[in-house]
Amino acid sequence: QAKNMGADATLVFGAQMRRERLKRVQLEADLRHAIARQQLVLHYQSKVCLDTGKVMGYEALVRWMHPVRGMIPPMEFIPYAEECGLIIAIGEWTLHEALRQLMEWRTSGFVTPDVTIAVNLSTRQFNDVALADKVANALSLQQAPASCLTLEVTESAMIGDLAHAKNVLDGLRAIGISLDLDDFGTGYSSLSYLHRLPFQALKIDRSFTRHLEQSHESRAIARSILQLGKSLNLAVIAEGIENEAQRVWLVRLGCRLGQGFLYSKPLSAAALKIAGLDDVRSA
Ligand code: C2E
Ligand code: MG
Ligand code: MG
Ligand code: MG
């Protein structure tokens, strides 16, 4: 009896695995057309000054509007895209679209010229030898100054060959763009190497912000990152600020910049415009 159940379980498991694989193959095939069918969209989350609430810039975050499955968050398709190489095309689209949007906002007066746009880079893009050329191309095509662009790189994208990472980052920096180290504290940055990499800012990962109120350890880590920023002359941006208590803790620890649901969820360009109008009305 037990043996039979085992066999059944194997069958069920096998069927489930096949279904999963099929779903995945289908998703990959769909993703191949996502750009051409204009199913990718960017949402934008403001980065603000914690003292004044002033918006310093926006982070562009990609979403896939799947015709059947609805909105798919990046964590559910970026890893696929990484594996099959589609991330290169998606990354280029994201870069162009984010710059295009920023320039449209500038032209319409929605943002002042000091407002910046940040785009996330994946590991595979980071290892693309043509990356710096592509970034320079995107800037000139969208007629955007390099000073308005920040690329966010995670520690894991740089894993392994730090000399290579330094070359890539130096090449990007030479264009005049800014570089932020994303999700700082969750990866394996070599602290001894950090000062040789041309970053302008460290982003405190959401996992530390989340527990600031309850966890003495999270506060200690946030404090250390802020100290590190100070000694290496890097800005520090806290991500995932959801409530006032977290904001207060961060300000008390000396953090000046942040982003999170307390200020705004990532919003489509259309939703941002409406939110902006509401602000004007209520002011
Ligand atoms: P990330 O760059 O660290 O982005 C922050 C993530 O935290 C975003 O999730 C954002 O929506 C979410 N978030 C922001 N504030 C809060 C908050 O207060 N509370 C909570 N719970 N969450 C908050 P999202 O948009 O799902 O993106 C997840 C990750 O996907 C990003 O992490 C980034 O690594 C990656 N990603 C997003 N867009 C792109 C892209 O265009 N290219 C690449 N390569 N990766 C992307
Ligand atoms: Mg990011
Ligand atoms: Mg992050
Ligand atoms: Mg993150």
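Start at 1 and go down the list; that is how both ligands and their atoms are numbered.
The aromatic ring centres of Phe208 and Trp249 sit 6.0 Å or more apart.
For ligand 1, the atoms lying closer than 4.0 Å to a non-hydrogen atom of Gly260 are 15 (N), 18 (O). Applying the 4.0 Å criterion to heavy atoms of Ser122 picks out, from ligand 1, the atoms 44 (N). Each of the following atoms of ligand 1 lies closer than 4.0 Å to a heavy atom of Gln45: 14 (C), 15 (N). Close contacts between ligand 1 and Pro266 involve ligand atoms 11 (O) [criterion: under 4.0 Å to a heavy atom].
With hydrogens and angles disregarded, no donor-acceptor distance shorter than 3.5 Å links the side chain of Asn233 to the backbone of Gly229. Remark: side-chain polar atoms of Arg124 are paired, donor with acceptor, to backbone N or O of Glu82 under 3.5 angstrom. Under the 3.5 Å distance criterion, the side-chain polar atoms of Arg100 are left unmatched by any main-chain donor or acceptor of Gln142.
Across Gln246 and Leu212, no two heavy atoms sit closer than the pair O-CD1, 3.9 Å. Annotation for Lys203 and Asp182: closest pair CD-OD1, 3.7 Å, computed over non-hydrogen atoms. Of all heavy-atom pairs between Ala157 and Thr123, the closest is CA-OG1, 3.7 Å. The two atoms that bring Glu92 and Gln125 nearest to each other are N-NE2, 4.4 Å, heavy atoms only. When every heavy atom of Cys255 is checked against every heavy atom of Val236, the shortest pair comes out as SG-O, 3.8 Å. Of all non-hydrogen atoms in Leu181 and Phe199, the two that sit nearest each other are N-CD2, 3.6 Å.
Between Phe126 and His164, the ring planes lie perpendicular to each other; the angle is over 60°, past the 30° to 60° tilted range.
Neither side chain, His66 nor Gln39, offers a donor N or O lying under 3.5 Å from an acceptor on the other.
Under the side-chain hydrogen bond (donor to acceptor under 3.5 Å, both in side chains) rule, Gln259 has a single partner from Arg206, Gln45, Glu239, which is Gln45.
Both the backbone and the side chain of Leu61 come within contact range of ligand 1, each with a heavy atom under 4.0 Å. Contacts between His43 and ligand 1 below 4.0 angstrom, taking non-hydrogen atoms only, are absent altogether. Looking at Pro74 against ligand 1, only its side chain comes within 4.0 Å, counting heavy atoms. Contact annotation for Lys265 and ligand 1: no heavy atom of the residue comes within less than 4.0 Å of the ligand. Of the heavy atoms in Leu121, only backbone atoms (N, CA, C, O) come closer than 4.0 Å to ligand 1. The backbone of Ile241, and not its side chain, has at least one atom closer than 4.0 Å to an atom of ligand 1 (non-hydrogen atoms only; backbone = N, CA, C, O).
Residue-to-ligand polar distances place Phe261 within reach of ligand 1: an N/O pair is separated by less than 3.5 Å. Below 3.5 Å of separation, one finds an N or O of Val62 facing an N or O of ligand 1. Distances between N or O atoms of Gln259 and those of ligand 1 include no value under 3.5 Å.
Here Glu239 contributes OE1 and Asp182 contributes OD1, and at the Mg ion (ligand 3) these two atoms make an angle of 100°, given to 10°. The Mg ion (ligand 2) forms the vertex of an angle spanning OD1 of Asn120 and OE2 of Glu59; to the nearest 10 degrees it equals 90°.
In summary, no N, O or S atom of Asp180 is located under 2.8 Å from the Mg ion (ligand 2). The Mg ion (ligand 3) lies at 2.8 Å or more from every N, O or S atom belonging to Asp205. The Mg ion (ligand 3) has no N, O or S atom of Glu152 closer than 2.8 Å.
Checking Val119, Leu40, Asn120, Asp183 against atom 42 (N) of ligand 1, the nearest heavy atom belongs to Asn120.
Summary: OD1 is the N/O/S atom of Asp183 found nearest to the Mg ion (ligand 3).
Residue contacts with ligand 1: Lys203 is excluded, as none of its non-hydrogen atoms falls under 4.0 Å. Distances shorter than 4.0 angstrom do not occur between any heavy atom of Gly91 and any atom of ligand 1. Contact annotation: Glu59 has at least one heavy atom less than 4.0 Å from an atom of ligand 1.
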